[in-house]
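Worksheet: one structure, shown below.
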Amino acid sequence: MKWNLRWAAAKRDIWRPTQLQAAFREVGFTPSLSKVAALWSGKPVTVRLEDLDMICAALKCTVADLMEAEPVAAVEGRPETEQRAVGESGPARPIPRPGSGGSRRSLPPN
């Protein structure tokens with residue numbers, strides 16, 4: 001995911017974390033300045049849905065304005081030509097190894 005908080009804030013003429021914090025206060029969202037600065041400076045690992053709603057309300061934007069999906073290949077450094085949909089070529093299920101009989105193993109007793 002690409003985090004576009006600065007872009008969404010710039011559309012509202014917000015250029016600093018302190019200005020963003022003031023916009024958050026207007027809608028009743030009161031994160032610490034360090035949390036606001038962390039959201040501002042980079043892509044967060046997690047964002048609570050309630051916080052995401054408040055960010056969108058403060059910036060008058062949608063979640064789609066804040067986050068943009070990126071291709072998996074770009075994230076993992078693989079060329080997109082290597083990506084395939086599940087079942088695109090070959091069976092969707094793994095083939096049992098020869099000699100395994102194709103039977104399922106039972107779980108050990110508790």
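Not measured: the values here are computed from a predicted model.
Atoms OG and CZ, from Ser41 and Arg6 in turn, are 7.0 Å apart once rounded to the nearest 0.5 Å. In this structure, NZ on Lys11 lies 13.0 Å from NZ on Lys60, to the nearest 0.5 angstrom. Atom CD of Glu68 and atom CG of Asn4 lie 5.5 Å apart (nearest 0.5 Å). In this structure, the separation between CG on Leu52 and OG1 on Thr46 is 11.0 Å, given to the nearest 0.5 Å. The distance from atom CE of Met54 to atom CD of Glu26, rounded to the nearest 0.5 Å, is 11.5 Å.
At distances below 3.5 Å, at least one donor-acceptor pair connects side-chain atoms of Lys43 with backbone N or O atoms of Met1. With hydrogens and angles ignored, the 3.5 Å screen pairs a side-chain donor or acceptor of Gln19 with a backbone N or O of Trp15. Distance alone, capped at 3.5 Å, is enough to place a donor-acceptor pair between the Trp3 side chain and the Leu39 backbone.
Nearest approach of Cys56 to Val63, heavy atoms of both residues: SG-N, 3.6 Å.
Here Lys35 pairs with Asp51 in a salt bridge; the nearest charged N to carboxylate O distance falls below 4.0 Å.
Applying the side chain to side chain contact (heavy atoms under 4.5 Å, CB included) rule to Asp65 yields the partners Trp7, Cys61, Thr62; only residues at least two apart in sequence or on another chain are considered.
Other residues, nucleotides and ligands contribute only 12 or fewer heavy atoms inside 6.0 Å of the CZ atom of Arg16.
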Practice prompt. Could you walk me through whether Leu59 and Ile14 pass the side-chain contact (heavy atoms from CB on, under 4.5 Å) test, one step at a time?
Written response: CA-CA 9 Å; Leu59 297 176; Ile14 296 173; 3.8 Å; yes
